[in-house]
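Hydrogens, waters and symmetry mates play no part in the numbers below; they use all other heavy atoms, side chains included. In what follows, chains carry the letters A, B, and so on, assigned in the order in which the sequence lines appear, proteins first and then strands, with residues in each chain numbered from 1.
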Amino acid sequence: MEKVISITTPVTTSQVQELRAGDNVLITGNIYTGRDAAHKRLIELLADGKELPIDLNGQFIYYVGPSPAKPGHVVGSAGPTTSYRMEPYTPTLLKLGLKGMIGKGALSKEVVEAMKENGAVYFGAVGGAAALISKAIKKAEVVCYEDLGAEAIHKFYVEKFPVTVVIDSKGNNLYETEPQKYKLP
Amino acid sequence: MREIKAELIKDNVRDLFLHASSFIGEDIYNKLKERYEAEESPVGKSVLRQIIENNEIAAREKLAICQDTGMAVLFIELGQEVMIVEGDLNEAINQGVREAYVDGYLRKSIVDDPVFDRKNTRDNTPAVTYIDIVPGDKVKITITAKGFGSENMSRIKMLKPADGAAGVRDFVIKTAVEAGPNPCPPIIVGVGIGGTMEKAAVLSKKALLRTVGEHNADPRYAKLEDEILEEINKSGVGPAGLGGRTTALAVNINYYPTHIAGLPVAVNICCHASRHAEITI
Ligand code: SF4
């Protein structure tokens, strides 16, 4: 639990496969944001045989819908949203080379299986620590779906963005193992 | 009759939402610090530290505590000797919400139609408003900006009268523990018991607005609150669901008379970012 690993995006499959559940990771580089509505549009594009507006290869998606930036700020508060709502779309994106998701809360068996198959990890950021997290976001731009407002796909340039590996590419899952250690009869 | 201008209501609604979005209640802040000291899990401690630090940054820089600045919910106690003049009360409330969310850089999270269009209204309206007529010539406005990560983990169940206190206890614990990491623990658990189905739900929402550390005035319900809180914290879910002794900060129960054939129980869950405020005009 003590280890802090620095990682720069884009990443390779083997880099991601070295990460273990419980590792604290500081991410630097570009990451994309996406929530329910944006995911739905990406999957619809693929269903129509069209290309995606972003290249997911080696990338991480951060499940977030930031609050608006105050004047002079890069971004508003930007903590993670609950990940399970994106589950129906995630296996497809993992097949396209997505290497990790950043969010909060449990993921289904299907998604974890797809992470194992494709070599990807799930990072947890602290839900509700949104003002604190926003300090690690140095640049923010809307890439597409501006009409979705907070749900538009943004590209964030982050420096030392603090996350914890909650589910690793072997399927080890902190949400399953850690509460057991503190469970009382 | 005391006349109160609709504009005064609007201004107060706006200010309450702006305040609550950046300033966590002292009761919650102090409880988080107390739990930080007590937490045994190193990861749990680190999560609590981040939450406390976040609350401090938000207050210092007037930033939103959480990016989900919620759906606006208001409880208005309107004195029956008050006359709202120069405007429509509901419109004043929505205008107050609009000004807070648009001018205050809060996130607009409301869609117009829940099933088909799901088009963002772009100003976080409409609010969900409950108006009670009470004696007197004052208006009390209580607001909460309710995040949906935790709202989605809320449940309601129509228990049988025979299920009694044990049934209530089991249902509340199960709901809170099964929510796991999703509602951003440590959580506050609002419980509404009795009335009808929707009455129980409203009671549970109101229970979330109680000061953390205060108990139901009836000692039997106060004891039930303590017992349920202890059980939830035995689950090991912990801060952010990453293990630990702090899963909930409070369990608050409100009750109301009910029908001979029923025992409705609603459990409304709120995250640690429980943003609420009130004022009496
Ligand atoms: S559940 Fe609460 S703390 Fe978590 S993201 Fe939603 S509003 Fe924020």
So B/R245 and A/L184, side-chain contact (heavy atoms from CB on, under 4.5 Å) or not? Walk me through it.
CA-CA 9 Å; B/R245 300 266 183 254; A/L184 295 172; 3.7 Å; yes

Is the number of heavy atoms from other residues, nucleotides or ligands within 6.0 Å of NZ (A/K170) greater than 12?
yes

Cut-off 4.5 Å, heavy atoms of chain A, and the answer for B/R118 is neither

### Within 6.0 Å of NZ in A/K40, more than 12 heavy atoms from elsewhere
no

Applying a strict 4.5 Å limit to non-hydrogen atoms, the region of B/S41 in contact with chain A is both

Rounded to the nearest 0.5 Å, the CG atom of A/L132 sits from the CD1 atom of B/I57 at a distance of 4.5 Å

If one checks every heavy atom of B/E61 against chain A at 4.5 Å, the contacting part turns out to be both

message = Counting neighbours of NZ on A/K138 that are heavy atoms of other residues, nucleotides or ligands and sit closer than 6.0 Å, is the number greater than 12?
response = yes

query = Side-chain contact, heavy-atom cut-off 4.5 Å: B/P181 with A/K104?
reply = no

If one checks every heavy atom of A/A69 against chain B at 4.5 Å, the contacting part turns out to be backbone

Max heavy-atom pairs within cutoff under 4.5 Å with chain A, candidates B/V237, B/T247, B/V47, B/L242, goes to B/L242

Applying a strict 4.5 Å limit to non-hydrogen atoms, the region of B/L106 in contact with chain A is backbone

The interface call for B/K108 against chain A, heavy-atom contacts under 4.5 Å, is side chain

Max heavy-atom pairs within cutoff under 4.5 Å with chain A, candidates B/A240, B/A64, B/A273, goes to B/A64

Residues passing the side-chain hydrogen bond (donor to acceptor under 3.5 Å, both in side chains) test with B/K146, sequence neighbours excluded, are B/S150, B/E151

Answer key: most heavy-atom pairs under 4.5 Å with chain B among A/G127, A/G128, A/G103, A/A37 is A/G128

d(A/D147 CG, B/N120 CG) to nearest 0.5 Å is 10.5 Å

Closest non-hydrogen contact found for A/G79 with B/Q67 is N-OE1, 2.6 Å

For this session: Starting from the C-alpha separation in whole Å, work towards a yes-or-no answer on side-chain contact (heavy atoms from CB on, under 4.5 Å) for A/T82 and B/N152.
Result: CA-CA 10 Å; A/T82 322; B/N152 282 338; over 6 Å; no

Counting heavy-atom pairs under 4.5 Å with chain A, the top scorer among B/E56, B/E231, B/E53, B/R122 is B/R122

Comparing B/G149, B/A58, B/S235 against chain A, the one with the most heavy-atom pairs below 4.5 Å turns out to be B/S235

_Using side-chain heavy atoms (C-beta onward) and a distance below 4.5 Å, is B/D68 in contact with A/T81?_
no

If one checks every heavy atom of A/P162 against chain B at 4.5 Å, the contacting part turns out to be neither

Open item on the list: Check whether B/R107 reaches the backbone of A/G65 with its side chain - one donor and one acceptor, N or O, closer than 3.5 Å.
Closed with: yes

Problem set entry | Short side-chain to backbone donor-acceptor contact, B/Q50 and A/A129, under 3.5 Å | no

Is there side-chain contact between B/L63 and A/K135, with at least one heavy-atom pair below 4.5 Å?
yes

CD1 (B/I65) and OG (A/S77) are apart, to the nearest 0.5 Å, by 9.0 Å

Could you walk me through whether A/Y182 and B/V43 pass side-chain contact (heavy atoms from CB on, under 4.5 Å), step by step?
CA-CA 12 Å; A/Y182 293 93; B/V43 183; over 6 Å; no

